[in-house]
Amino acid sequence: MGGLLFYDWNTLPFVILVLVISFTVHEFAHAYSAYKLGDPTAQHFGRVSLNPMVHLDLFGTIMLLLAGFGWAKPVPVNRGNFKKPRLYGIIVTAAGPISNLILAFISMFILALFHKNGWYEGLSTGSGDAIQIFLSLMLSINLTLFLFNLIPIPPLDGYRIIQDLVDLKYSEGLQKFEQWASVIFLLVVFIRPLRQVTLDPYLSLGNDIVRWFAKPIAFMLGM
C-alpha cells in the first residue's frame, strides 16, 4: 500500500475519491450485515448508511494518504445479539474486506467493458483518461484494502476473524499478543527492509487476484 508520495499530484483527487468510496462501502458492509443478522447497534448509531460522513475518520484518512495505512470509524457490533455469536461475528467481520474485493472486481469488469466496446473512442481525451485513472485506482486500492484488512494483527479484520475461529482456551494467549501487535505493525510498516520482505510481497498477491479475475470476466464478455 503506497502513501501520498507514491501518487502523482494529478491523480490525487481520484485517490481521495476512491478512498472515500472504498472506506464507506467497507464500513457499510460491516454495519449492514450485522443489522441483517440481528444486531441493531450499528443502525442505532446511524452506521447502516452509504453516507461517507458517518464512516470516515479524518485522521485515519490522512494517515492512509501520507503513510500508506489508515482507518475509518469502527462499526459498533454487539455480538450478544447474534443467535450464533462466533459464526455471525466472522460473517460480519469478513463482509468489509469482501466488499472491497467486490468493488475491485466490478472496476476491472467495467474497464474490460470499455476496452471491448471501444467506449473510449467516443470520449474526449480528458474524459477517457479520467475514467481510466479512476477505475484503475478503484481496482488497485480495493485489492490492497482487501488484502491489508485480512492481516491477522489487531485491530484489523483478519485478527477479529482469528479470534472467532480459535478455541476459547487460546484467548488468553491472543490477549498477550495484542500487547505487542501495534509495535510489530509499526515496525513492519515503517522499517522499509522489513516491509520489503513481509508486507510488500503479501500485498503483491493483488496481481494474482487480477489474473484470477481475468478468466471469469473474459468468459462473461466473450473475450
Side-chain angles (χ1 to χ4, degrees), residues 1-2 6-8 10-37 47-52 55-56 64 68 72 75 87-88 90-151 156-158 160-161 165 199-223:
M1 180 181 294
F6 287 80
Y7 297 109
D8 185 272
N10 293 326
T11 66
L12 187 57
F14 296 100
V15 172
I16 294 173
L17 178 59
V18 168
L19 289 175
V20 168
I21 294 172
S22 304
F23 273 24
T24 299
V25 172
H26 180 107
E27 298 305 329
F28 168 78
H30 284 314
Y32 180 76
S33 57
Y35 172 67
K36 296 300 289 186
L37 290 173
R47 300 297 299 277
V48 185
S49 169
L50 286 171
N51 177 2
H55 297 298
L56 295 182
L64 182 57
V75 171
L87 174 60
Y88 289 1
I90 292 173
I91 294 173
V92 170
T93 302
I98 289 174
S99 73
N100 294 123
L101 187 64
I102 292 172
L103 285 176
F105 182 86
I106 292 172
S107 300
M108 187 169 171
F109 182 82
I110 296 174
L111 276 169
L113 273 178
F114 268 86
H115 286 291
K116 179 182 185 328
N117 297 315
W119 291 346
Y120 289 116
E121 298 174 5
L123 300 171
S124 65
T125 301
S127 297
D129 289 347
I131 292 173
Q132 177 85 20
I133 292 170
F134 173 74
L135 290 174
S136 297
L137 287 170
M138 279 290 289
L139 172 61
S140 61
I141 288 177
N142 274 285
L143 285 177
T144 299
L145 289 174
F146 167 71
L147 290 167
F148 188 79
N149 276 285
L150 289 180
I151 296 174
L156 299 176
D157 293 327
R160 295 173 186 162
I161 292 174
L165 284 175
L199 189 59
D200 288 347
Y202 169 68
L203 293 180
S204 71
L205 291 174
N207 296 325
D208 295 319
I209 297 176
V210 168
R211 287 191 286 270
W212 296 337
F213 281 172
K215 293 181 179 179
I217 289 175
F219 175 78
M220 287 186 286
L221 297 180
M223 296 171 66

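Side chains included, hydrogens not; waters and symmetry mates left out as well; all remaining heavy atoms used. Along the sequence shown, residues carry numbers from 1.
- Judged by distance alone, with hydrogens and angles left aside, the side-chain atoms of Ser124 form a donor-acceptor pair with the main-chain N or O of Ser127 at under 3.5 Å.
- Counting all heavy atoms, side chain and backbone alike, Leu147 lies closest to Leu203 at CD1-O, 3.5 Å.
- Minimum interatomic distance between Phe148 and Tyr202 (heavy atoms only, all atoms of both residues): N-CE2, 4.4 Å.
- Annotation: ring-ring contact (aromatic ring centres under 6.0 Å, His included) contacts of His30 (sequence neighbours excluded): His26.
- Considering CG of Leu139 and CZ of Phe109, their distance stands at 14.0 Å, rounded to 0.5 Å.
- Between the side chain of Ser22 and the main chain of Leu19, no donor-acceptor pair closer than 3.5 Å is present.
- Of the listed residues (Thr144, Asn142, Asn149), just one forms a side-chain hydrogen bond (donor to acceptor under 3.5 Å, both in side chains) with Asn100, and that residue is Asn142.
- Within a 6.0 Å sphere centred on OH of Tyr88, other residues, nucleotides and ligands contribute more than 12 heavy atoms.
- What you find for His55 and Arg47 is that their closest heavy atoms are CE1-O, 2.9 Å.
- What you find for Gly206 and Leu143 is that their closest heavy atoms are O-CD1, 3.6 Å.
- Formation of a donor-acceptor pair under 3.5 Å by the Ser99 side chain with backbone atoms of Gly96 is found in this model.
- Checked against the 6.0 Å centroid threshold, Phe114 and Tyr120 count as a close aromatic pair.
- Closest of all the heavy-atom pairs between Val92 and Ser33 is CA-OG, 3.5 Å.
- For Phe14, the CZ atom sits in a packed shell: over 12 heavy atoms of surrounding residues, nucleotides or ligands are nearer than 6.0 Å.
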